[in-house]
Amino acid sequence: TLFRSLQKVPNDASTQDELQAVSMLVHSRDWIQSHPKFLQMMALNVADSTHVYNTFLVYLDLLEGRNWHDVWYKALRDLQQICLLGREKEGQSAQVVVPMSVGMSYSHERISQIMQRTYRAEDDADSPPSVLLAIVESDSTVVYYKLTEGFVVPDPPELIEDIDNKQFRKKRRKQR
């Protein structure tokens with residue numbers, strides 16, 4: 001109805017540009033809703049259409065925007081969640097990505113359940129379970145946060161750089 005009412009506006013150049021932009025927006029939603037991977041995710045009947053739409057946007061961002069390899073989805077039926085798994089670089093272990101909209105909130109317990117259900121020790125036995133939380137904004141912007149179970153000790157600093165660093169030496173003296 002919005003598109004039909006906009007078509008009745010006078011034919012000046014700026015109005016035509018606006019109509020074309022609206023038409024592209026309407027058609028962009030159409031191509032997403034007819035995309036085979038979107039349809040496969042919808043057919044899982046695990047989550048509502050908003051969650052599937054956000055999951056699909058994250059899927060596209062990982063493949064097209066971030067050039068990840070081997071991205072696939074996993075349905076967590078009892079949690080009513082679809083997670084994505086993929087490799088940031090070829091040959092790396094798979095990472096779990098949990099799509100969510102900006103208005104959603106997850107408890108520590110829920111995130112822990114997702115980690116437990118998706119963690120595969122054979123992928124990376126040296127690392128604790130972790131997930132990438134992919135928060136989708138209403139304008140389709142995606143922000144990623146890495147969440148890890150427990151504490152993760154940072155890698156030690158490069159020794160060559162730190163020998164000359166006075167602050168590093170002062171901190172080290174205080175620690176002793």
Side-chain angles (χ1 to χ4, degrees), residues 1-2 22 24-158 171 175:
T1 59
L2 172 66
V22 169
M24 287 174 57
L25 179 64
V26 169
H27 293 299
S28 71
R29 279 214 175 245
D30 288 344
W31 79 260
I32 287 175
Q33 292 175 350
S34 63
H35 191 281
K37 195 59 75 171
F38 179 83
L39 294 173
Q40 289 171 4
M41 290 179 193
M42 284 298 291
L44 294 171
N45 290 324
V46 172
D48 64 5
S49 61
T50 302
H51 178 70
V52 174
Y53 182 78
N54 288 334
T55 302
F56 183 73
L57 290 177
V58 173
Y59 174 83
L60 288 178
D61 185 57
L62 293 174
L63 284 174
E64 302 295 330
R66 299 181 181 276
N67 297 319
W68 277 35
H69 300 273
D70 304 323
V71 178
W72 66 99
Y73 57 86
K74 179 176 183 169
L76 304 176
R77 292 193 184 286
D78 56 331
L79 299 176
Q80 296 179 332
Q81 177 79 43
I82 302 173
C83 295
L84 298 170
L85 292 94
R87 303 177 199 294
E88 190 170 0
K89 295 180 182 167
E90 224 170 319
Q92 284 186 338
S93 60
Q95 295 184 53
V96 177
V97 181
V98 180
M100 63 181 290
S101 65
V102 74
M104 291 177 70
S105 62
Y106 282 175
S107 67
H108 291 220
E109 180 182 347
R110 182 168 177 87
I111 292 172
S112 182
Q113 289 172 338
I114 292 169
M115 281 185 197
Q116 291 169 2
R117 294 282 314 280
T118 57
Y119 180 66
R120 298 179 345 179
E122 66 272 9
D123 277 346
D124 198 355
D126 296 333
S127 297
S130 65
V131 296
L132 278 176
L133 204 59
I135 302 170
V136 181
E137 184 63 61
S138 60
D139 67 353
S140 301
T141 302
V142 182
V143 178
Y144 297 90
Y145 288 97
K146 185 169 185 174
L147 304 177
T148 305
E149 188 174 276
F151 291 107
V152 177
V153 180
D155 293 331
E158 295 289 328
K171 285 181 185 177
Q175 289 176 350

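The structure displayed is predicted, hence computed values, not measured ones.
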Side-chain heavy atoms of Y53 within contact of V136, under 4.5 Å: no

Ignoring hydrogens and angles, state whether a donor on the side chain of D139 or T141 is under 3.5 Å from an acceptor on the partner side chain.
-> yes

CG (L133) and NZ (K146) are apart, to the nearest 0.5 Å, by 13.0 Å

- prompt: Short question: side chain of S112, backbone of H108 - any donor-acceptor pair under 3.5 Å?
  reply: no

- Message: Could you go through T118 and L76, starting from their C-alpha distance and side-chain angles, then the distance that decides it, and tell me whether this counts as side-chain contact (heavy atoms from CB on, under 4.5 Å)?
- Response: CA-CA 9 Å; T118 57; L76 304 176; 4.2 Å; yes

Interatomic distance, CG@L85 vs CH2@W68, rounded to 0.5 Å, equals 9.0 Å

So CD of Q116 and CD1 of I111: to nearest 0.5 Å the spacing works out to 12.5 Å

Is D61 close to R66 at the side-chain level, that is, under 4.5 Å between some pair of heavy atoms? yes

Between D78 and R117, is any pair of side-chain heavy atoms under 4.5 Å apart?
-> yes

Side chains of H51 and D48: does their closest heavy-atom pair fall under 4.5 Å?
yes

Could you check whether any side-chain heavy atom of F38 comes within less than 4.5 Å of a side-chain heavy atom of L60, counting everything from C-beta outward?
no

Next on the checklist: Given 3.5 Å as the limit, does a donor-acceptor pair link the side chain of R87 with the main chain of Q92, or not?
Outcome noted: yes

Interatomic distance, CE@M104 vs CD1@I135, rounded to 0.5 Å, equals 10.5 Å

Nearest heavy-atom approach of P99 to C83 is CD-CA, 4.3 Å

Tightest non-hydrogen contact, residues Y144 and A134, listed as CE2-CB, 3.6 Å

Checklist line | side-chain contact (heavy atoms from CB on, under 4.5 Å) evaluation trace for V58 with Y73 | finding: CA-CA 11 Å; V58 173; Y73 57 86; over 6 Å; no

- Query: Do other residues, nucleotides or ligands put more than 12 heavy atoms under 6.0 Å from E88 CD?
  - Reply: yes

Under the side-chain contact (heavy atoms from CB on, under 4.5 Å) rule, what do M115 and L147 come out as? Steps first, then yes or no, please.
CA-CA 9 Å; M115 281 185 197; L147 304 177; 4.1 Å; yes

Could you check whether R110 and Q81, counting side-chain N and O atoms only, form a donor-acceptor pair closer than 3.5 Å? yes

To the nearest 0.5 Å, atom CG of N45 lies from atom CZ of R77 at 7.5 Å

One should read off an interatomic distance between N54 CG and S101 OG, to the nearest 0.5 angstrom, of 5.5 Å

- Side-chain touch M41/L84, heavy atoms, less than 4.5 angstrom: yes

Scanning both residues in full, the closest heavy-atom pair of A75 with L44 reads CB-CD1, 4.0 Å

